[in-house]
Asks: 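After the C-alpha cells below, expect a handful of questions from me.
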Amino acid sequence: MIVKNICCIGAGYVGGPTMAIIAQKNPNLVVNVVDINKERINQWNSSDLSKLPIYEPGLDKVISETRGKNLFFSTDIDKHIDKSEMIFISVNTPTKTYGDGKGMAADLKYVELSARKIAKVAKTDKIVVEKSTLPVKTAAAIKNILDETGSGVRFEILSNPEFLAEGTAMRDLEVPDRVLIGGNESSSGKKAIKALVDIYLSWVPKDNILTTNLWSSELSKLVANAFLAQRISSINSISELCEKTGADVEEVAKAIGMDSRIGNKFLQTSVGFGGSCFQKDILNLVYIARSIGLKKVADYWNQVIIINNHQRKRFAKRILTSLYNTVSGKKIAFLGWAFKKNTNDTRESASIYVADLLLDEMANIDIYDPKVSSDKIYRDLNLLASRTENENKTLLKVSQNAYDACENAHAIAILTEWDEFKTIDWNRIYNNMNKPAFIFDGRNILEKKQVEKIGFIYKGIGKS
Ligand code: UDX
Ligand code: ADP
C-alpha cells in the first residue's frame, strides 16, 4: 500500500510533536491531526505560537515550518480517517478510575472509541498504528472491533510505541535511540510494517529501526518505562538511607554511575517521579502479571510505586517536622508544579501530592511555575477531592514570579528543577522571608554551602 495521507487521532503531548516531525521529514506526505477537543485544535491552529496547547522546546519552530503546508489540525475526524491510508491512534490511556482493575489497569475507553470510529467510517483498506501506550494484546482487541464491520475493508494493525520524554521530545523524535515497530508476520503484516519503516527511514538510520512481533512491541514499551522508573525508586530509596547515615546520595550516585555496567543516567534522586507514563505503565504491568497469576512478579514491580509514594510523603513529612510539627497558618512557597522542567504537563506531578498533604495540615501554599497556569493548578488539586474547591482557593495562591511566591514564607519547597530557579536572587528572597527560613530542595538543584552562607536552613534530598 502506498501511503500518501496520514491521520492521527489525538492531538496531545504524543500526537502533536510526533506528527509535526513526521510531516517535517516527509514533505510528500499530508498529515492531519484530529481531536474531539475543539479548544485544543483551535490552540494548535493559533497564529500566536506561544498559544500552542503544549509547551515543548523547539516545537513552535517545527510547527511554523509545517502547519498549513503538509500538517493540519482539525476536528473533522470522519473525513480525515476516510481519506487516509494510515491512521495513528494517539489518544490518552489513563489508569482506570472505576470498575474492574480500578487504580491499576489502563482505561481503554478512548482507544476503543477510536477503533469503533475507524470501523464505522473507513471505506478503503487502512493501516492502523497504535501509538498510545497500551496493555499487551490490545492490538488483538482493536483488530476484533475493526474486523466486525462486515464492510469488506481490511485493516492491518501495527504497534509503534512512542519513547519521547517531555521537555526533550523534539530531540528524542529527531534522533531516537530506536524506533520500534511491531506487526503481524503475515505477508500483509510485513507490507504494513514496511510502509511505516519507509516513513521513518526519511530521517532515522536503518539500524535504529527495530521490527518485532506485535506483542513484543507492546510489552517493550511497558518494560522500558518500568526499568527507568525502577532506577529512580532505587536511588530514592537510598536517599532515605543517606539522610539517616550521613552519606550523600549525590556522591553515591556518582560513584555507582561511573561503573559502566550501571551507567550514570536516571540516577537523579528527587521528590518522586511523575508524568503520565511511569506510574500508569507499571500499574498496568502489575495488573497484567497479577491477572495471569504471577503474584511474585507483580509484587516486585509494585514496589517501585510503593517507594515513589513513600518518597512524596516523606518529603512533605520532613517539611512538617522541620517546621516544629506545625505548618498551620504558615506560608510555604512552592517553586515548580510541572512534573519536570521544560514542560507544562502536571500529570502525576509529585507537587500535587506534597501540596495535598500540607494542605491537610492547613498550610498556606503559594506556587510559582514558569509554564503552568493557575487554572491547571487548581484543577489538579480539585480532582483529588480532598477538600472543597473553596477550601483550596482559600489555602492556596498562585504567583507570577518566585519573589512574590516566597515573600513572608516560612519555607520554600523546590518541586521542579526549572533552570531559572538556579539563578534567582536568593539573597533578596531570604531577606523577605520569615526566619528561620528553610529550603527543602526536592530536586537538589542548589548548592548547600552557598544557600547556607546566605542564612537559609537547607534540606536536600538524601543529604543529612
Ligand atoms: C518517560 C520516558 O522517559 C519516555 O521514554 C516515555 O516515552 C514516556 O515516559 P517522561 O515521563 O516524559 O518520559 O519524562 P522522564 O524524563 O522520563 O521523567 C519522568 C519523571 O522522572 C519526572 O518526574 C522526572 O523528574 C523524574 N526523574 C527522571 C527523576 O526523578 N530522576 C531521574 O534521574 C530522571
Ligand atoms: P498523550 O500524552 O498520550 O498524548 P493527551 O491527553 O495529551 O495524552 O492527548 C490525548 C488527546 O486525545 C486529547 O487531546 C484528547 O482530546 C484526544 N482524544 C481522546 N479520545 C479521543 C477520540 N475518541 N477521538 C479523538 N480524539 C480523542
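Computed from a prediction, not measured in an experiment: that's the story for all the values here. In listed order, ligands and their atoms are each counted from 1.
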Asks: Looking just at side-chain N and O atoms, do Y458 and D441 make a donor-acceptor pair shorter than 3.5 Å?
Replies: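 Yes, side-chain donor-acceptor contact under 3.5 Å.
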Asks: Is the terminal nitrogen or CZ of R231 (NZ for Lys, CZ for Arg) located under 6.0 angstrom from the six-membered ring centre of F266 and within 45° of that ring's axis?
Replies: no
Asks: Closer than 4.0 Å to some heavy atom of E162 - which atoms of ligand 1 meet that?
Replies: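 So the answer, numbered in order with elements, is 7 (O).
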Asks: Which residue and atom name correspond to the protein heavy atom nearest atom 14 (O) of ligand 1, and how close is it?
Replies: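 Ranked first by proximity to atom 14 (O) of ligand 1 is K340 NZ, 3.2 Å.
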Asks: Quick one: nearest non-hydrogen protein atom to atom 18 (N) of ligand 2, plus distance?
Replies: V91 CG1, 3.7 Å
Asks: Working to the nearest 0.5 angstrom, can you tell me the gap between S159 OG and L196 CG?
Replies: 10.0 Å
Asks: How many angstroms lie between CG in L71 and CG in L29, if you round to the nearest 0.5 Å?
Replies: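 Those atoms lie 11.5 Å apart.
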Asks: Ring-plane angle category for W337 and F334, please: parallel below 30°, perpendicular beyond 60°, tilted otherwise.
Replies: tilted
Asks: Is the W418 ring parallel, tilted or perpendicular to the Y55 ring (thresholds 30°, 60°)?
Replies: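 If you compare the ring of W418 with that of Y55, the planes turn out tilted.
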Asks: What do you reckon, does S276 have a nitrogen or oxygen under 3.5 Å from a nitrogen or oxygen of ligand 2?
Replies: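 Looking only at distances, the answer is no, because the N/O contact criterion of under 3.5 Å is not met.
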Asks: Is a side-chain donor or acceptor of K69 paired with a backbone partner of E65 at a separation under 3.5 angstrom?
Replies: yes
Asks: Would you say ligand 2 has an N or O under 3.5 Å from any N or O of E166?
Replies: no
Asks: Could you name the option among F339, F278, F273 that has the heavy atom nearest to atom 11 (O) of ligand 1?
Replies: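 Selected option, by shortest heavy-atom distance: F339.
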Asks: Among protein heavy atoms, which lies nearest atom 11 (C) of ligand 2, and at what distance?
Replies: D35 OD2, 3.5 Å
Asks: Could you tell me the residue and atom name of the protein heavy atom closest to atom 12 (O) of ligand 1, and the distance to it rounded to 0.1 Å?
Replies: E166 N, 2.7 Å
Asks: Determine, considering heavy atoms only, which of Q268, Q311, R443 sits nearest to atom 25 (O) of ligand 1.
Replies: R443
Asks: Which protein heavy atom lies closest to atom 2 (O) of ligand 2, and at what distance to 0.1 Å?
Replies: R347 NH2, 2.8 Å
Asks: Taking 4.0 Å as the limit for heavy-atom contacts, which would you say applies to L164 with ligand 1: side chain only, backbone only, both, or neither?
Replies: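 Answer for L164: backbone.
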Asks: Are F88 and I22 close enough that some pair of their side-chain heavy atoms sits under 4.5 Å apart?
Replies: yes
Asks: Heavy atom to atom 30 (O) of ligand 1, shortest distance: which of S270, A253, A165, P161 holds it?
Replies: S270
Asks: For atom 19 (C) of ligand 2, what is the nearest protein heavy atom, given as residue, atom name and distance?
Replies: N92 OD1, 3.3 Å
Asks: Step by step, would you call V249 with N444 a side chain to side chain contact (heavy atoms under 4.5 Å, CB included)?
Replies: CA-CA 10 Å; V249 74; N444 286 357; 4.3 Å; yes
Asks: Is any N or O atom of N37, backbone or side chain, closer than 3.5 Å to an N or O atom of ligand 2?
Replies: no
Asks: Number the atoms of ligand 2 from 1 as they appear, then name those within less than 4.0 Å of a heavy atom of R40, with their elements.
Replies: 5 (P), 6 (O), 7 (O), 9 (O), 11 (C), 13 (C), 14 (O)
Asks: Starting from atom 28 (C) of ligand 1, find the nearest protein heavy-atom neighbour and note its residue, name and distance.
Replies: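 Going atom by atom, the protein heavy atom closest to atom 28 (C) of ligand 1 ends up being I232 CD1, 3.5 Å.
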Asks: Counting each atom of ligand 1 from 1 as listed, which ones have a heavy atom of C277 under 4.0 Å away?
Replies: 8 (C), 9 (O)
Asks: Any salt bridge between E243 and R314, counting N to O under 4.0 Å?
Replies: yes
Asks: Hey, does the side chain of Q311 reach the backbone of S270 with a donor-acceptor pair shorter than 3.5 angstrom?
Replies: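 Checking the backbone N and O of S270 against the side chain of Q311, a donor-acceptor pair under 3.5 Å is found.
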Asks: Any N/O of V14 closer than 3.5 Å to an N/O of ligand 2?
Replies: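 Between V14 and ligand 2, an N or O pair is found under 3.5 Å apart.
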Asks: What do you reckon, does K265 put a non-hydrogen atom under 4.0 Å from ligand 1?
Replies: no
Asks: Between F227 and W301 (judged by ring centroids, cut-off 6.0 Å), do the two rings come close enough to count as a pair?
Replies: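 Yes, ring centres under 6.0 Å apart.
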Asks: What's the shortest distance from atom 2 (C) of ligand 1 to any protein heavy atom, and which residue and atom give it?
Replies: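 Its nearest protein heavy-atom neighbour is N225 OD1, 3.5 Å.
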Asks: Heavy-atom contact check, 4.0 Å cutoff: does S132 meet ligand 2?
Replies: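 Per 4.0 Å heavy-atom rule, S132 does not contact ligand 2.
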Asks: Closer than 3.5 angstrom, by distance alone: can the side chain of D125 be matched with the main-chain N or O of R154 as a donor-acceptor pair?
Replies: yes
Asks: Which residue holds the protein heavy atom closest to atom 24 (N) of ligand 2, what is that atom called, and what is the gap in Å?
Replies: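 Among all protein heavy atoms, the one nearest atom 24 (N) of ligand 2 is I9 CG2, 3.6 Å.
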Asks: Any atom of ligand 1 sitting under 4.0 Å from a heavy atom of K341?
Replies: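 The answer is no: ligand 1 sits nowhere under 4.0 Å from a heavy atom of K341.
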Asks: In terms of residue, atom name and distance, what is the protein heavy atom nearest to atom 7 (O) of ligand 2?
Replies: Y13 N, 3.1 Å
Asks: Strictly distance-based, threshold 3.5 Å: is any side-chain N or O of E417 a donor or acceptor partner for the main-chain N or O of R443?
Replies: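 Between the backbone of R443 and the side chain of E417 there is no qualifying donor-acceptor contact (under 3.5 Å).
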Asks: Between T346 and K376, is any side-chain donor less than 3.5 angstrom from a side-chain acceptor?
Replies: yes
Asks: Would you say T269 and ligand 1 have an N/O pair spaced under 3.5 Å apart?
Replies: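 There is no such contact.
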Asks: Measuring from atom CD1 of I377 to atom CG of D369, what distance do you get when rounded to the nearest 0.5 angstrom?
Replies: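 Rounded to the nearest 0.5 Å, the CD1-CG separation comes to 6.0 Å.
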Asks: Specify the protein heavy atom at minimum distance from atom 5 (O) of ligand 1: its residue, its atom name, and the distance to 0.1 Å.
Replies: F163 O, 2.8 Å
Asks: Is the contact between T168 and ligand 1 made by the side chain, the backbone, both, or neither, using heavy atoms and a 4.0 Å cut-off?
Replies: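 No part of T168 is near ligand 1 at this cut-off.
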Asks: Tell me whether N284 contacts the main-chain N or O of M104 through its side chain, where contact means a donor paired with an acceptor under 3.5 Å.
Replies: no
Asks: Report, in ascending order of atom number, the atoms of ligand 2 lying under 4.0 Å from any heavy atom of G12.
Replies: 4 (O), 5 (P), 7 (O), 9 (O)
Asks: Judged on heavy-atom distance to atom 20 (C) of ligand 1, which of S351, G274, A169, G275 sits nearest?
Replies: G274
